[in-house]
Amino acid sequence: MPGKNEVSWTSMIVLYLELERLGDARRVFDEMIKEGEMGLGWELFDNMPEKDMVSYTAMADGYAKSGDMVFTRHLFEQCEKKDVFLWSALISGYAQNGLPKAAVNMFLAMQQRSVRPDQHILAHGQGSKAVSLFYQMLGEGITHDDVAFMVILNACSRQGLVEDGFRLFELMRSQSSIVPSHDHYACMVDLFGRSGLLRPAFNLIKSIPVEAHVGAWVALLGACKLHCATELGEEVAARLAQLEPQNAGNYVLLSNIYAAANRWMDVTALRNQIDAQGLEVIAGRSYT
C-alpha cells in the first residue's frame, strides 16, 4: 500500500473488521507497528475492547525497536498473562538497546517462572549481540540447558559466526556437561557448511559417538550444493542412500550438484536411477 498514512492505515483496519476478517485486520495492525506508526498504533490498541497477547507483543516489540524501553516495560507489566513471545520482546529489546544487565535479569526472572526460551530471545536477528548476551548470562551464573544452547547455535549459524559457534559448542560439552544431541550436531554441520568449511563439517559428523542422524548428512549435502562440492557431495549422498534408500530428495540434491557442475550425463544417469528404483519425486517440493 503506497503512501501509507493515518487515514489509510485506519481505513484498512476498519474495513477488515467490518468484513469480519480479523486475521487481515491483525496483519495490517502488526505491519503498521513494524512501520513505526506507534502513535496511531497506541490509539487503536488503547481503544481495543479486549487486548490479547498478540497485540501486547506487537506493541511491546514496536516500542522496543523505537528505543522506548520504559513504555515497553510498562506494557509488559500491564499484561496479566505473559507468554514466551512477550518475554522475548522485552528481553530482546533490552539487549538491542544496550541494556544487557536488564536483559539478563529478565531472562533470569523468566526462568524462575518456568517459561522456556524461544529462538527470538537469544537470537533476535543480531548474532553478535546474542552471543554477548549469552556469555553475560553465563557470567551471571545463569545455567543454560540444551534448548538454550540449541537457540544460540542456530543464531551463530544464521549469522555465520563460526568461531563463536564452535566455542559455545565446546563449552556446552565441557563446562555445561550437556551431551550434544543429533540436533546440536546438525546445527554445527549447518554452521560449518554455510561458511564453506565442508571438510570440518564432514569430520564433525564422523566424530559423533553414535550413528549420525540423517539431518546432519542432509545439512552437509545442502552445503555441498551451495558450494558446488561435487566430490564430497557424492560421498555424502552415498551415505544418505544407505540411511534413506527410499528418499528421492537426496538423489535430487545430488542431481542438482551435478547440474551446477554441468555434468549432464551424470544428471541423466541419476534421474534414470530414481525411475528404476521407483522413487517418488514430489512435484512442487524444493529440494535445496
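The shown structure was predicted, so the numbers you read here are calculated from the model rather than taken from an experiment.
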**Fill in**
Which of Thr268, Leu253, Thr230 passes side chain to side chain contact (heavy atoms under 4.5 Å, CB included) with Tyr258? Answer is Thr230
**Request:** Run through Asp52, Leu90, Leu86 and flag the one making a side chain to side chain contact (heavy atoms under 4.5 Å, CB included) with Thr57.
**Result:**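 It is Leu86; the other options fail the test.
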How far does [atom1] of [X] sit from [atom2] of [Y], to the nearest 0.5 angstrom?
X: Asp190; Y: Asp183; atom1: CG; atom2: CG; answer: 12.0 Å
X: Glu235; Y: Trp217; atom1: CD; atom2: CH2; answer: 7.0 Å
X: Met188; Y: Leu168; atom1: CE; atom2: CG; answer: 9.0 Å
X: Leu197; Y: Asn203; atom1: CG; atom2: CG; answer: 11.0 Å
X: Cys79; Y: His74; atom1: SG; atom2: NE2; answer: 11.5 Å
X: Glu244; Y: Arg239; atom1: CD; atom2: CZ; answer: 13.5 Å

**Message:** Please determine whether ring pair (Phe, Tyr, Trp, His ring centres under 6.0 Å) holds for the pair Phe202 and Phe192, giving the CA-CA distance in whole Å, both sets of side-chain angles, and the decisive distance to 0.1 Å.
**Reply:** CA-CA 9 Å; Phe202 180 80; Phe192 285 143; over 10 Å; no
**Message:** Between Met69 and Leu99, is the side-chain contact (heavy atoms from CB on, under 4.5 Å) condition met? List the steps.
**Reply:** CA-CA 9 Å; Met69 289 309 301; Leu99 298 167; 4.2 Å; yes
**Request:** Please determine if Arg167 and Glu170 form a salt bridge, counting it only when a charged side-chain N lies under 4.0 Å from a carboxylate O.
**Result:** no
**Item:** Phe166, CZ atom: more than 12 neighbouring heavy atoms under 6.0 Å
**Value:** no
**Asked** Would the number of heavy atoms belonging to other residues, nucleotides or ligands and lying under 6.0 Å from CD of Gln78 be above 12?
**Response**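 Yes.
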How close do [X] and [Y] get, heavy atom to heavy atom, and via which atoms?
X: Leu198; Y: Ala229; answer: CD1-CB, 3.3 Å
X: Leu220; Y: Leu232; answer: CD1-CD2, 4.5 Å
X: Lys82; Y: Glu77; answer: NZ-O, 4.1 Å
X: Ala89; Y: Ala60; answer: CB-CB, 4.2 Å
X: Ala223; Y: Gly193; answer: CB-CA, 3.5 Å
X: Gly67; Y: Asn97; answer: CA-OD1, 3.3 Å

Using the rule that Ile, Leu, Val, Met, Phe, Trp and Tyr join whenever any side-chain heavy atoms are under 4.5 Å apart, tell me whether [X] and [Y] fall into a single cluster.
X: Leu226; Y: Val236; answer: no
X: Met150; Y: Tyr135; answer: no
X: Trp264; Y: Leu270; answer: yes
X: Tyr185; Y: Met172; answer: yes

**Request:** Please lay out, stage by stage, how Leu191 and Leu153 fare under the test side-chain contact (heavy atoms from CB on, under 4.5 Å).
**Result:** CA-CA 8 Å; Leu191 169 60; Leu153 290 176; 5.7 Å; no
**Message:** Under a 3.5 Å threshold, yes or no: a donor from one side chain and an acceptor from the other, between Tyr251 and Arg271?
**Reply:** no
**Asked** Does any donor atom in the side chain of Asn154 or Ser157 lie under 3.5 Å from an acceptor atom in the other side chain?
**Response**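 Note: Asn154 and Ser157 side chains miss the donor-acceptor criterion.
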**Asked** Excluding sequence neighbours, so at least two apart, what forms side-chain hydrogen bond (donor to acceptor under 3.5 Å, both in side chains) with Arg263?
**Response**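 Per chain and number, Arg263 pairs via side-chain hydrogen bond (donor to acceptor under 3.5 Å, both in side chains) with Glu234, Asp266.
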Is there a side-chain contact between [X] and [Y] in this structure, where contact means two heavy atoms from C-beta onward sitting under 4.5 Å apart?
X: Phe85; Y: Asp61; value: no
X: Val70; Y: Asp68; value: yes
X: Asp146; Y: Ser181; value: no

**Request:** Take Gln277 and Gln273 through the test side-chain contact (heavy atoms from CB on, under 4.5 Å) and record every step on the way to the result.
**Result:** CA-CA 6 Å; Gln277 293 180 218; Gln273 182 181 345; 3.0 Å; yes
**Asked** Under 3.5 Å, side chain of Ser92 to main-chain N/O of Ser88, donor-acceptor pair present?
**Response** yes
**Request:** For Thr72 and Ala64, indicate whether the former's side chain and the latter's backbone hold a donor-acceptor pair under 3.5 Å.
**Result:** yes
**Prompt:** Do the ring centers of Phe169 and Phe149 come within less than 6.0 Å of each other?
**Reply:**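 Between Phe149 and Phe169, which both carry aromatic rings, the centre distance is not below 6.0 Å.
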**Request:** Carefully, step by step, assess Cys228 and Ile257 under the rule side-chain contact (heavy atoms from CB on, under 4.5 Å).
**Result:** CA-CA 6 Å; Cys228 299; Ile257 293 174; over 6 Å; no
**Request:** Give me the one residue out of Phe71, Trp87, Tyr94 that meets ring-ring contact (aromatic ring centres under 6.0 Å, His included) with Phe76.
**Result:**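 So, applying the ring-ring contact (aromatic ring centres under 6.0 Å, His included) to Phe76 and each of Phe71, Trp87, Tyr94, only Trp87 qualifies.
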